Protein chains: 2
Amino acid sequence: MAKAQSNTEEKIKDAARKLFVEKGFGNATTRDIAECADTNIALVNYYFRSKENLFQEVFQESFAHTFLPVARILNDDLPLEVKIYKFVDHMTEMLKRDPMMPLFVLSEMRGEHSQMCRIMLESGALESNSFQEQLNREAAKGAIRAADALQVETSLMSMVLFPFLSMNILKMKHQMDDEAFTRFVDSRKKIIPEMTLAYLRQREG
Amino acid sequence: MAKAQSNTEEKIKDAARKLFVEKGFGNATTRDIAECADTNIALVNYYFRSKENLFQEVFQESFAHTFLPVARILNDDLPLEVKIYKFVDHMTEMLKRDPMMPLFVLSEMRGEHSQMCRIMLESGALESNSFQEQLNREAAKGAIRAADALQVETSLMSMVLFPFLSMNILKMKHQMDDEAFTRFVDSRKKIIPEMTLAYLRQREG
DNA sequence: ATTTTAATTAATCAAACGTTTAAAAATTTA
DNA sequence: TAAATTTTTAAACGTTTGATTAATTAAAAT
């Protein structure tokens, strides 16, 4: 970090990232962002042509650097059990650092922000289906039942992401502080793989 | 339904429900709602004192009538296996009728809309922990492992709700039309209970 | 029939929004 | 140092927002 490019552009990006994730695109105003970045609104449109443009630059970067690398673990070349534990662990740790990100992404997916969808698809376009192939191999060996990779992926994603999506409700309803919530999601690092593997290893009904 | 109270007030409520869920509170304007209800903006503030007020009335009603009754199934007096299948089935069917509702609820949970949190808590305040007691009884019998009800509830909720939360991404990434998405969530009616029960019936590691 | 109340309309309000301008200050280049 | 370029500032732009007004029509009550 010798570069120390702590210029206004980066400060605006940081403020935008924070406020977009916190309040959503529509509710975070240019004036909010400028004030949070300790500058004025004209500079926001000087460095980025528009609020829309700023949003896309910030999001594309953030998404590509945090979520995608973890999501790709399911296509890594690892033994099934190791892979599932690693996926849940890495995803959980990533989310602990950026807990509001999933809700932000899904929220902005509604309506006219289809360019955001485009970004997500382009990022993950060159995706292989090696996870399905792995499940097929294991099933052929008799190690697990036959299973649809998309269903397994969805279940894993669900169980890891959802507690963060519903964090506010969860903490409020069960009087959790930040520490208790962390304990809750940490203990899921064991439960989620166990649940997934128990299903896969079970004979089909 | 003999009442046929198809007055302006109800038309506004319907329009508001539709637009709030579709675009969120901040992006659905009073003019949108008025136009969609085939009236003018003054009547929106005539029947409801403000947009904020309209939002709360509509949401409280919608939430209490659709989500809560299904969520309470986990505290019904039913055998464990029957209960889990019933919960997943009813929740899925409810969501198929109102697929954007979960994302709407979670989105509005961010930031200053804390009154929404209050509504949710008041609605589910008188909740028993009979599900935990049931799990304890089953564990004492040796039928299942010891399990934290909150973790099981969270996993069930996760796996049912998340596909709807991420519906747009899911459909886009895997080129699903509405029919394919319905097939996808329908087949989860079997997978989710199987996964949950496989975990519960597994000896602890 | 007349009064009173409820419902509806068109027009307008101030505030906040994203964006732009034109001029000043700071920095880089020659 | 002088010229050219980049960065920053304060002020304003035209729209859109939620909300309100005052006048008009419809309905209910007496």
Side-chain angles (χ1 to χ4, degrees), chain A residues 2-60 104 107-108 110-116 119, chain B residues 2-60 104 107-108 110-116 119:
Chain A
K3 189 80 158 298
Q5 176 145 354
S6 97
N7 48 9
T8 307
E9 185 170 352
E10 208 60 33
K11 284 203 301 182
I12 293 174
K13 260 176 160 170
D14 289 341
R17 189 168 11 248
K18 177 179 182 297
L19 291 172
F20 281 146
V21 168
E22 192 174 303
K23 326 210 288 186
F25 178 81
N27 295 349
T29 71
T30 312
R31 285 169 176 79
D32 278 344
I33 294 168
E35 188 184 6
C36 183
D38 211 36
T39 60
N40 59 68
I41 51 176
L43 281 182
V44 176
N45 281 39
Y46 172 73
Y47 285 107
F48 312 88
R49 294 202 327 279
S50 66
K51 183 189 176 186
E52 179 77 31
N53 215 54
L54 170 60
F55 174 82
Q56 283 187 38
E57 286 200 30
V58 162
F59 167 71
Q60 187 153 22
F104 162 72
S107 301
E108 302 302 336
R110 304 183 295 188
E112 44 271 85
H113 261 298
S114 58
Q115 287 193 301
M116 175 125 154
I119 290 172
Chain B
K3 190 80 158 298
Q5 177 146 352
S6 98
N7 46 10
T8 307
E9 185 171 351
E10 209 59 33
K11 284 203 301 183
I12 293 173
K13 261 174 158 171
D14 289 341
R17 190 169 10 249
K18 177 178 182 298
L19 291 172
F20 280 147
V21 168
E22 192 174 303
K23 324 209 291 187
F25 178 81
N27 296 348
T29 71
T30 312
R31 285 169 175 80
D32 278 344
I33 295 168
E35 188 183 6
C36 183
D38 211 34
T39 60
N40 59 68
I41 52 177
L43 282 182
V44 176
N45 283 35
Y46 173 74
Y47 284 107
F48 312 88
R49 294 201 328 278
S50 66
K51 182 190 176 187
E52 179 77 31
N53 214 55
L54 170 60
F55 175 81
Q56 284 187 38
E57 287 200 30
V58 161
F59 168 71
Q60 187 152 22
F104 162 71
S107 300
E108 302 301 335
R110 304 183 295 188
E112 44 271 86
H113 261 298
S114 59
Q115 287 194 302
M116 176 126 153
I119 290 172

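Lettering of chains follows the sequences in order, A, B, ..., and the numbering in each one begins at 1. The figures here come from the full heavy-atom set of this structure, side chains too, leaving out hydrogens, waters and symmetry mates. Computed from a prediction, not measured in an experiment: that's the story for all the values here.
Counting heavy atoms from C-beta on, the side chains of B:F104 and B:F59 come closer than 4.5 Å. Contact check for A:N53 versus A:E57: side-chain heavy atoms found under the 4.5 Å cut-off.
At a threshold of 4.0 angstrom between heavy atoms, the contacts of A:A28 are confined to the sugar-phosphate backbone, with no base atom among them.
The listed nucleotides are D:dG18, C:dA7, C:dG18; the one nearest the side chain of B:T29 is D:dG18. Looking at the side chain of B:R31, the nearest of the listed nucleotides C:dG18, D:dG18, D:dT7 is D:dG18. Of the listed nucleotides (C:dT19, C:dA7, D:dT20), C:dA7 has the atom at the smallest distance from the side chain of B:Y47.
For the pair A:G26 and B:Y46, nearest-nucleotide mapping onto DNA chain C gives the more 5' position to B:Y46.
Among all heavy-atom pairs drawn from B:K51 and B:F25, the shortest one is NZ-O, 2.9 Å.
Within a heavy-atom distance below 4.0 Å of DNA chain C, the residues of residues 35-44 of chain B found are B:N40, B:A42, B:L43.
Rounding to whole angstrom units, CG of residue A:N27 and C1' of D:dG18 are separated by 14 Å. In this structure, the CD1 atom of A:I33 is 15 Å from the C1' atom of C:dA16, given to the nearest Å. The interatomic distance linking A:D32 (CG) with C:dA16 (P) rounds to 12 Å, in whole Å. Rounded to an integer number of Å, the gap from NZ of A:K51 to P of C:dC17 is 9 Å. Atom pair B:E9:CD and C:dA6:P shows a separation of 14 Å (rounding to whole Å applied). B:N45 has its CG atom 15 Å from the C1' atom of C:dA11, to the nearest Å. A straight line from CZ of B:F48 to C1' of D:dT20 spans 18 Å, rounded to a whole angstrom. The interatomic distance linking A:E10 (CD) with D:dT7 (P) rounds to 14 Å, in whole Å.
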Name the atoms and distances for all side-chain donor-acceptor pairs under 3.5 Å in residues 12-21 of chain B, with sequence neighbours left out.
from	atom 1	to	atom 2	distance (Å)
B:K13	NZ	B:E61	OE1	3.2
B:D14	OD1	B:R17	NH2	2.9
B:K18	NZ	B:E22	OE1	3.3

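Of the options B:E9, B:E10, B:K11, a side-chain contact (heavy atoms from CB on, under 4.5 Å) to B:Y47 is made by B:E9 and by none of the others.
For A:T30, a side-chain nitrogen or oxygen approaches OP1 or OP2 of C:dG18 to under 4.0 Å.
Of the possible polar contacts, none joining the B:K23 side chain to the B:T29 backbone as a donor-acceptor pair under 3.5 Å is found.
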Side chain to side chain contact (heavy atoms under 4.5 Å, CB included) evaluation trace for A:I33 with A:L54: CA-CA 11 Å; A:I33 294 168; A:L54 170 60; 4.2 Å; yes
